[in-house]
Amino acid sequence: MRRQQPTIAAENGRTAGAALIPATAPLAVRGLTVSYGEKPAVFSVDASFPAESMSAIIGPNGAGKSTLLKAALGVIPRLSGEVYVFGEPIEKARARIAYVPQRASVDWDFPTTVMDVVQMGLYRKVGLLGRLSGRLAGVARDCLDRVGMADFAHRQIGQLSGGQQQRVFLARALAQDAELYLLDEPFAGVDAATERAIIDVLKLLKDEGKSVVAVHHDLSTVRSYFDHVFLINVRRMAEGPVDVAFTTENLQATYGGRLAATHLDELSVVGGLA
Amino acid sequence: MGTEFVQFSLTPILIGIFSAIACALPGNFLILRRQAMISDAISHVVLPGIVVAFLLTGVIATIPMLLGAAGAAVVAVILIEAIKRLGNIEPGAAMGVVFTSMFAAGVLVLEQTDTSNVHIDVQHALMGNLESLIWFRAEGWQSLLDPAKLASLPDELARMAIVCAMIFAAMLVFWRWLKIATFDEGFAQALGIPASAIGFGLVIAAAIAAVAAFDAVGSIVVIAMFICPPAAARLMTNRLEHQVIWSIIFATASAIFGYVFAGYGPMWFSARNAVSAAGMMATVSGVFLVLTCLFGPHRSRVGMKAQDDAV
């Protein structure tokens, strides 16, 4: 059995090239294991994401990227492991987290409006019976405005395109007014304009001192979008600043045969991989 | 019309309305969660539970019946799991087999036992006894102000009114949690909202409605009211709040028109006997659903197209 460390920071020293991350990291995971059946989907993963930066969780399909995020949040049960948010157990820090689930995880035919969905981001704040009006209603409107969806406030959500749906989900996370933003595949199946709009909002969050962790699948944009990268294939493969950890060797180790050599060449041209 | 209506029709109609609304309210959420099958399950499984509870206690009372129904639900879950695992049968088929078998077993037990001194038999289980829940001592509308007369109202009326009010109140209090746990369970859990407990509470509320309504209106109406009014309501609007209001309207209308058509409809076609009120209520709710499918303003789902485009 792994020895229990007094602080989360202690263990991060062994990550090649990664700076020591303090125990108050926005998100730190220790010994996280998740299983959907016999085979573990995520096995004994340690991870720690730095503050005031944009981190990507990358890995091949079925490598447990989303599972890691969802299990950390408690959306799916974990077999073992601890999750700390800013040094506190996650259960005590839920108010400091905003979450954008995968767009395809909900039924967009649900009878509700764009505004209603954004207001769900305020449910923690208003409680069960608190009044959702005045200043708080204004907050929801501002959040819609920030993703360029203010004109759609009263649309039924089923009438939106995929990109618009993703922006509404982002607006709902903004309404949570958190310090840590966790996003599950925010760019999956969205148009180029939406991708641009989303990355602009996320970069603005970073500039405001917030931390962003996103499950990401497009290797060609890792370098331009993110500062920090975490590579997973059931187990933790590598972790660190993009310059240090996003290397051909690490990618090959993580993706195995599934990453075509041509793809890697392309990446090294686009992103300047060594 | 006054005296006779108050004596023979007012209480059955009110009991029908309360039963229909009590079932339709949780039905709204069950349908949106794609758990309509659960309402079907509940309405079938309660029968053996109620029969066994009756055999053990010898009385028809809500609490023992509810416990019996809960016990039957546990047995059903175990059987479904067993069939799924041992027989490697797909879950839908396993559920279908277990519910109908348990319902049939309930019917058999009911038939074999001596229940001659109480109102419980197979016909009752299917169609209730709405027609017999009359207010015999009423002498017209003024009886509504007479405490002595009010005391002779059938017990079922107060029971259904209380259950209906409790379910409505619980829905209002937990509205936000119900809505978010139904639309986006993962997000609700990330917020720290007990989404699984909400899902469980919803099934409990549906079970309470089914058990309470069962004895008055029978399982046919219970099954129909869980699904038809909410499904029809969904086609009338794109807002959950409005959907719930529409489902109450459809449930109420099904109860009223169902009772009236059952009592007077056959006479219009110069037939002599009234037909089953419960059967007619369920039929009317089905007719509403067909009409909304054909003419409802939101029957074409733009959402589905958007989903396809995205994929």
Side-chain angles (χ1 to χ4, degrees), chain A residues 66 69-70 72-77 90-95 97-113 116-117 119-130 132 154-166 169 172-173 176 182 184 188-191, chain B residues 28-29 31-35 85 169-196 198 230-231 233-247 296-311:
Chain A
S66 295
L69 196 67
K70 284 192 269 190
L73 275 164
V75 171
I76 52 177
I90 186 164
E91 286 71 25
K92 290 186 182 161
R94 293 209 176 271
I97 310 170
Y99 174 45
V100 178
Q102 276 183 25
R103 189 166 53 85
S105 67
V106 304
D107 173 13
W108 289 93
D109 191 36
F110 192 85
T112 196
T113 60
D116 265 355
V117 172
Q119 285 179 345
M120 288 178 186
L122 298 166
Y123 277 9
R124 238 194 114 79
K125 225 166 265 164
V126 294
L128 267 180
L129 299 170
L132 233 174
H154 300 293
R155 287 282 185 95
Q156 203 262 329
I157 54 171
Q159 299 170 349
L160 304 178
S161 73
Q164 290 169 333
Q165 290 172 348
Q166 192 65 58
F169 261 16
R172 180 176 68 172
Q176 289 183 269
L182 301 177
D184 199 345
V190 304
D191 52 284
Chain B
N28 278 296
F29 294 95
I31 285 184
L32 289 172
R33 297 166 76 98
R34 304 186 188 266
Q35 292 178 330
R85 292 188 186 187
M171 185 190 71
L172 288 184
V173 170
F174 290 103
W175 179 261
R176 282 185 186 146
W177 285 10
L178 271 167
K179 185 169 171 177
I180 194 168
T182 301
F183 171 61
D184 191 345
E185 193 169 7
F187 185 76
Q189 282 166 328
L191 281 184
I193 288 170
S196 329
I198 288 286
R234 175 65 190 88
L235 301 172
M236 296 302 291
T237 171
N238 271 331
R239 302 273 327 244
L240 183 58
E241 291 77 5
H242 301 169
Q243 179 189 321
V244 169
I245 294 167
W246 273 109
S247 75
H298 295 283
R299 66 186 204 282
S300 61
R301 299 294 176 77
V302 266
M304 287 184 184
K305 195 173 165 294
Q307 287 278 0
D308 293 344
D309 289 347
V311 174

| query | Centres of the B:Trp177 and B:Phe29 rings: under 6.0 Å? | reply | no
| task | Specify which of A:Asp191, A:Ile90, A:Val126 makes the most heavy-atom pairs with chain B at under 4.5 Å. | result | A:Val126
| message | Quick check: do A:Lys70 and A:Pro101 have side-chain heavy atoms less than 4.5 Å from each other? | response | no
| Closest-packed option against chain B by number of heavy-atom pairs under 4.5 Å, given A:Asp116, A:Ile97, A:Leu73, A:Thr113 | A:Asp116
| Under 4.5 Å between any side-chain heavy atoms of A:Phe110 and B:Thr182, yes or no? | yes
| note | Note: vs chain B, highest number of non-hydrogen pairs under 4.5 angstrom among A:Gly163, A:Gly74, A:Gly130, A:Ala188 is A:Gly130
| query | Is the closest side-chain heavy-atom distance between B:Ile193 and B:Phe174 below 4.5 Å? | reply | no
| query | Side chain, backbone, both or neither: which part of B:Glu185 has a non-hydrogen atom closer than 4.5 Å to chain A? | reply | neither
| remark: Greatest number of non-hydrogen atom pairs under 4.5 angstrom with chain A, of B:Lys179, B:Arg176, B:Glu241, falls to B:Arg176
| Interface residue of largest heavy-atom contact number with chain B, from A:Glu91, A:Met120, A:Arg172, under 4.5 Å | A:Arg172
| Side chains of B:Arg239 and B:His298 in contact at under 4.5 Å (non-hydrogen atoms) | no
| query | With a 4.5 angstrom heavy-atom cut-off, which part of A:Gln176 approaches chain B: side chain, backbone, both or neither? | reply | side chain
| task | Check whether more than 12 heavy atoms from other residues, nucleotides or ligands sit under 6.0 Å from atom NZ of A:Lys92, and answer yes or no. | result | no
